[in-house]
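Written below as structure tokens is the structure these notes are about.
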Amino acid sequence: MEILSITNLAKNFYLHNPGLEIKSCQNISLTLKTGEFIGIIGLSGAGKSTILKCIYRAYLPIQGEIIYASEAFGRVNLACATEREILYLRRHEIGYVSQFLNIMPRTTAKEHVMNALIDMGIDVSCAESCAKEMLAYFRLPEKLWDIYPATFSGGEQLRLNLAHAMVKKPRLLMLDEPTASLDNKTKVLVRDMLKKLKAKSTSMIGIFHDIEFMEGVCDKVFNISEGTILS
């Protein structure tokens, strides 16, 4: 069963001061099945991250459809869904792992992960227990759990991003270079967690420079530069 279908997706960016139009991803079409993992490869600047941000609706595409099979709303076009629908889906069904930390001010690392579950309606005690388990899994030192993450290293912030997104066990998960600043032992933890999520039918699209490292997780590879799916 298809959980996501993208047809003729395109996104451009406009620089108004010099009057330039920059073309990012163009004519992107792909389908993602339930429990499937598609890895995206391509040249730098080809628009790999733009695809993920259009799905998550951080960007509005200039054309195309992004049809998502939602539990809450049925088939919904993420390219033109309402803000209410998008906010609900982000809280309950769709996760996103960025290379960069985006966190509310005066929120500790543990609270950040807990809030992902509390927003879904999980009670505080259960959210705290699950947050601690996920932070420990990604080897974020316990002494950092009650600290504001602005001073964390890049690797620590990325591990916090991973814990925040994966603790929800989302139906659809986007991953933008989720192992970029991690050591090899932590990369293995990420790969093992992705396998666990796949086993529970989470569908994923991810950008990885080291695509060979994801062997056993990626089912297909999409080459954005050539617009083709590689089995």
Side-chain angles (χ1 to χ4, degrees), residues 1-13 22-43 45-98 116 120 165-166 168-178 193-209 211 214-231:
M1 177 181 174
E2 290 180 3
I3 190 171
L4 189 73
S5 177
I6 300 174
T7 306
N8 295 326
L9 178 70
K11 173 64 180 175
N12 294 348
F13 296 94
I22 300 174
K23 293 184 177 181
S24 186
C25 60
Q26 303 290 313
N27 302 316
I28 302 298
S29 297
L30 61 86
T31 58
L32 179 70
K33 296 179 181 178
T34 300
E36 188 176 45
F37 192 121
I38 292 180
I40 300 179
I41 61 172
L43 299 174
K48 299 185 295 296
S49 296
T50 299
I51 294 175
L52 301 190
K53 290 178 179 178
C54 285
I55 297 170
Y56 198 61
R57 252 286 282 282
Y59 291 161
L60 276 172
I62 61 168
Q63 72 174 42
E65 290 187 332
I66 308 169
I67 305 299
Y68 168 64
S70 165
E71 280 190 339
F73 308 113
R75 288 170 59 83
V76 57
N77 185 357
L78 300 177
C80 59
T82 67
E83 290 299 318
R84 181 184 66 85
E85 290 171 330
I86 292 296
L87 287 174
Y88 180 93
L89 292 173
R90 286 177 180 175
R91 286 175 178 167
H92 295 270
E93 298 190 27
I94 301 177
Y96 185 95
V97 177
S98 170
M120 296 176 68
M166 294 183 178
K168 297 191 300 182
K169 299 178 175 62
R171 297 182 71 241
L172 175 63
L173 179 61
M174 268 80 66
L175 304 117
D176 191 351
E177 291 288 354
M193 180 58 70
L194 293 178
K195 288 181 178 179
K196 291 177 182 178
L197 292 175
K198 273 192 70 178
K200 295 182 179 180
S201 298
T202 292
S203 308
M204 293 175 274
I205 300 180
I207 299 168
F208 296 89
H209 281 140
I211 202 70
M214 298 308 297
E215 186 176 352
V217 181
C218 285
D219 300 293
K220 296 177 181 177
V221 176
F222 178 73
N223 188 327
I224 187 175
S225 302
E226 298 178 5
T228 58
I229 286 279
L230 309 174
S231 299

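Residues take their numbers from the sequence shown, with the count starting at 1.
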Test log, rule side chain to side chain contact (heavy atoms under 4.5 Å, CB included), inputs Asn12 and Ile22: CA-CA 6 Å; Asn12 294 348; Ile22 300 174; over 6 Å; no
Side chain to side chain contact (heavy atoms under 4.5 Å, CB included) between Ile224 and Cys25, intermediate numbers included: CA-CA 8 Å; Ile224 187 175; Cys25 60; 4.2 Å; yes
Side chain to side chain contact (heavy atoms under 4.5 Å, CB included) between Ile66 and Tyr68, worked out: CA-CA 6 Å; Ile66 308 169; Tyr68 168 64; 5.7 Å; no
Step-by-step side chain to side chain contact (heavy atoms under 4.5 Å, CB included) determination, Ile28 to Phe222: CA-CA 10 Å; Ile28 302 298; Phe222 178 73; 4.1 Å; yes
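Residues Ser203 and Glu36 are not in side-chain contact: their nearest non-hydrogen atoms beyond the backbone lie 4.5 Å or more apart. Within the 4.5 Å cutoff, the side chain of Lys169 has heavy atoms near those of the Lys200 side chain. A heavy-atom distance below 4.5 Å is not found between the side chains of Leu30 and Leu9. In this structure, the side chains of Leu89 and Phe73 come closer than 4.5 Å at one or more pairs of heavy atoms. In this structure, the side chains of Met174 and Ile55 come closer than 4.5 Å at one or more pairs of heavy atoms. Looking only at side-chain heavy atoms (C-beta outward), Leu52 and Thr50 stay at 4.5 Å or farther from each other. Looking at heavy atoms from C-beta onward, Ile205 lies in side-chain contact with Leu4 at the 4.5 angstrom threshold. Within the 4.5 Å cutoff, side-chain heavy atoms of Leu175 are placed close to those of Met166.
Residue Thr202 holds its OG1 atom at 10.5 Å from CE of Met193, rounded to the nearest 0.5 Å. With rounding to the nearest 0.5 angstrom, the CG atom of Asn27 is 6.0 Å from the CG atom of Asn8. Summarising the geometry, atom CD belonging to Glu65 is positioned 10.0 Å from atom OG belonging to Ser29; distances are rounded to the nearest 0.5 Å. The CG atom of Leu78 sits 10.5 Å away from atom SG of Cys54, with the distance rounded to the nearest 0.5 Å. Here Ile38 contributes atom CD1 and Leu32 contributes atom CG; the two are 5.0 Å apart, rounded to the nearest 0.5 Å. Here Ile51 contributes atom CD1 and Ile6 contributes atom CD1; the two are 6.5 Å apart, rounded to the nearest 0.5 Å.
Within a 6.0 Å sphere centred on NZ of Lys23, other residues, nucleotides and ligands contribute 12 heavy atoms or fewer. Dense packing is recorded around NZ of Lys198, with more than 12 heavy atoms of other residues, nucleotides or ligands lying under 6.0 Å away.
Under the ring-ring contact (aromatic ring centres under 6.0 Å, His included) criterion, Tyr59 pairs with Phe13, sequence neighbours left out. Considering only residues two or more places apart in sequence or on other chains, Glu85 meets the side-chain hydrogen bond (donor to acceptor under 3.5 Å, both in side chains) condition with Thr82.
Taking the charged nitrogens against the carboxylate oxygens, Glu93 and Arg171 do have a contact shorter than 4.0 Å, which makes a salt bridge. A salt bridge is absent between Lys48 and Asp176: the closest approach of a Lys/Arg side-chain nitrogen to an acidic carboxylate oxygen does not fall below 4.0 angstrom. The residues Glu83 and Arg57 are annotated as salt-bridged, a charged nitrogen and a carboxylate oxygen being separated by less than 4.0 angstrom.
For the pair Ala81 and Ile86, the tightest heavy-atom approach, listed with the atom from each and the gap, is CB-CD1, 3.9 Å. For Val97 against Pro178, the heavy-atom pair with the smallest separation is CG1-CB, 4.1 Å. The two residues Pro170 and Gly95 have their closest heavy-atom pair at CB-N, 3.7 Å. Looking at every heavy atom in both residues, Thr31 comes nearest to Ser5 through CG2-OG, 3.7 Å. Shortest non-hydrogen contact noted between Ala79 and Gly64 is CB-O, 3.9 Å. The two residues Phe37 and Leu194 make their nearest non-hydrogen contact at CE1-CD1, 4.0 Å.
Tyr56 carries Arg90 over the face of its six-membered ring, with the cationic atom under 6.0 Å from the centre and within 45° of the normal.
With hydrogens and angles ignored, the 3.5 Å screen pairs a side-chain donor or acceptor of Lys11 with a backbone N or O of Leu60.
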